[in-house]
Amino acid sequence: MNILSIGGSDPSSGAGIQSDIRMFSALNTYTLTVITAITSQNTSNFGIVEPVSSKMLKKQLESLFLDFKIDGIKIGMVYNSKIIKVIYQQLNKLKIPIVVDPVIKSTTGGKLLEINAVKDFKKYIIPLATVITPNKDEAEFLSKTKISRKNTPKIIAKKIQDMGAKNVVITGIEGRNNKISDFVLEKNTKYVISGEKISKINHGSGCNHSAAIVYSLAKKKSIKESLYFARKFTYDSIKNAKKIGKGVLITDIQSEDKIKEDLSNAINRFTEIKGIYKNIPECQTNFVFSKQKPKSTKDVLGISGRIVKAEKRVIVAGELKYGGSKHVATALLSMNKKYPQICSAINLKYQKTTISKIKKSKLIVGSYDRSLEPKDVKIKGSTIKWGINFAIKNSKNIPDVIYHKGDFGKEPMIIVFGKTPENVLKKILKITG
Ligand code: PXL
């Protein structure tokens, strides 16, 4: 997936374009970037701004549109009217999700939008927004209305929606009991997403929020799903904020969180596949995702219980833990040793129909015969390792799937492999249902 971030350069990488590159990379997404302005700043002070020329901006955008399929766009700092107009001309016919983060001032007090550009911002940028994400101050500024008992978040959000944004989320509305909530106004519905406040002053959380929304929308999730996802992603990024410079903390996503997030998302989607209960074997299913260069099953994340069949439903019994899986993790380790890019796997019930679908779907399939297993392997209990290596050796390319037909007292099994849980899920969708 390719996402385009249009915004300013922050050399400290806490916000702006550089922060988006970090976040989208953490989400396994390729980031295209168009710089509107260069800033000089660090975690304590905001220095100066130098916007790029209209010509430079136009050329950057044109060069990307000529080359790439773009799945979503995020607009951050736009700074002046000339920049605003070029962006409008280049984007107004596009039919992909656009998330607008209406940044006006930085945490450290820098000006990100000229006052005399506010009118054009409302006229040209706000109508591009599939979702606009003002915080409370930005929402009050854009609507020229203070939130109060009379002027509720809904009234303010409606004013911004009337400027042309399809969906509005006002973030950071403080409530009682240390709660902080986002008010959402979609086309026909409104709701509140509330959560705990983390009292840390940090740099980049707003950027992370809008980045996570466009990521999720680009993956065809609904507005609501995307906003819930973004809220959690932002919360995690604030929790992991680090003191890198001398001033404010810089938000970050730990790669372990990313592994967990990716696997957890894929497991949820797996359980929702129609009729998937038919593919759960007697010994149940595990779905695993490893760190890079795993040394043992302790480096492989899996479910400490199993994905189990409960009549026609499939439920997750247990939690994600490193070392949570033994069998599927062992199979993955053998595969990863030969093909280090393969980091995820799942086991499914052996069925002749599935095997024929696998063969028809052009996936590469390997197999092994447990009855050919040497005695010493059986005694050592390293059947899985032996079997996977056997199948790999007999396959010219990286196998997507390896199966065996069982042995006396041993259930036959199919294991699907991939680079990521998402990749595994795609293969599962091809061969089930
Ligand atoms: O966080 C908003 C933001 C966006 N873009 C750039 C910034 C900032 C805040 O400092 O510098 C370039």
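When a residue number appears, it is its place in the shown sequence, counting from 1. Since this is a predicted model, take the numbers as computed values, not measurements. When a ligand or atom number is given, it counts from 1 through the structure's own listing order.
- Distance alone, capped at 3.5 Å, is enough to place a donor-acceptor pair between the Asp10 side chain and the Ala15 backbone.
- Scanning all heavy atoms of the two residues, the minimum distance from Ala129 to Val100 falls at CB-CG2, 3.6 Å.
- Residue Asp101 does not touch ligand 1, judged by heavy-atom distances below 4.0 Å.
- Here the shortest heavy-atom pairing between Asn336 and Ser290 reads ND2-OG, 4.4 Å.
- Residues Lys427 and Gly418 come closest through the heavy atom pair NZ-CA, 3.8 Å.
- For ligand 1, the atoms lying closer than 4.0 Å to a non-hydrogen atom of Gly8 are 12 (C).
- In terms of protein heavy atoms, atom 3 (C) of ligand 1 is closest to Leu112 CD1, 3.7 Å.
- For the pair Asp400 and Val365, the minimum side-chain heavy-atom distance is 4.5 Å or more.
- Closest to atom 1 (O) of ligand 1, if we only count protein heavy atoms, is Cys207 SG, 3.5 Å.
- Using 4.0 Å as the threshold, Gly76 has no heavy atom nearer than that to any atom of ligand 1.
- Within ligand 1, counting atoms from 1 as listed, the ones closer than 4.0 Å to a heavy atom of Ala15 are 1 (O), 3 (C), 7 (C), 8 (C), 9 (C).
- The backbone N or O of Thr36 sits nowhere less than 3.5 Å from a side-chain atom of Gln60 that would complete a donor-acceptor pair.
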Hey, mind stepping through Glu422 and Lys219 against salt bridge (Lys or Arg N to Asp or Glu O under 4.0 Å) and telling me if it holds?
-> CA-CA 11 Å; Glu422 170 93 7; Lys219 290 187 87 171; 3.3 Å; yes
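- In this structure, Tyr277 and Arg313 have side chains that are not in contact, with every pair of non-hydrogen atoms separated by 4.5 Å or more.
- In terms of protein heavy-atom proximity, atom 5 (N) of ligand 1 is nearest to Gly16 CA, 3.5 Å.
- Given atom 9 (C) of ligand 1, the protein heavy atom at minimum distance is Ser106 CB, 3.4 Å.
- Regarding atom 2 (C) of ligand 1, its nearest protein heavy-atom neighbour is Val103 CG1, 3.5 Å.
- Of all the atoms in ligand 1, the ones that sit under 4.0 Å from a non-hydrogen atom of Met77 are 5 (N), 12 (C).
- Close approach of ligand 1 to Gln41 (heavy-atom distance below 4.0 Å) involves ligand atoms 7 (C), 10 (O), 11 (O).
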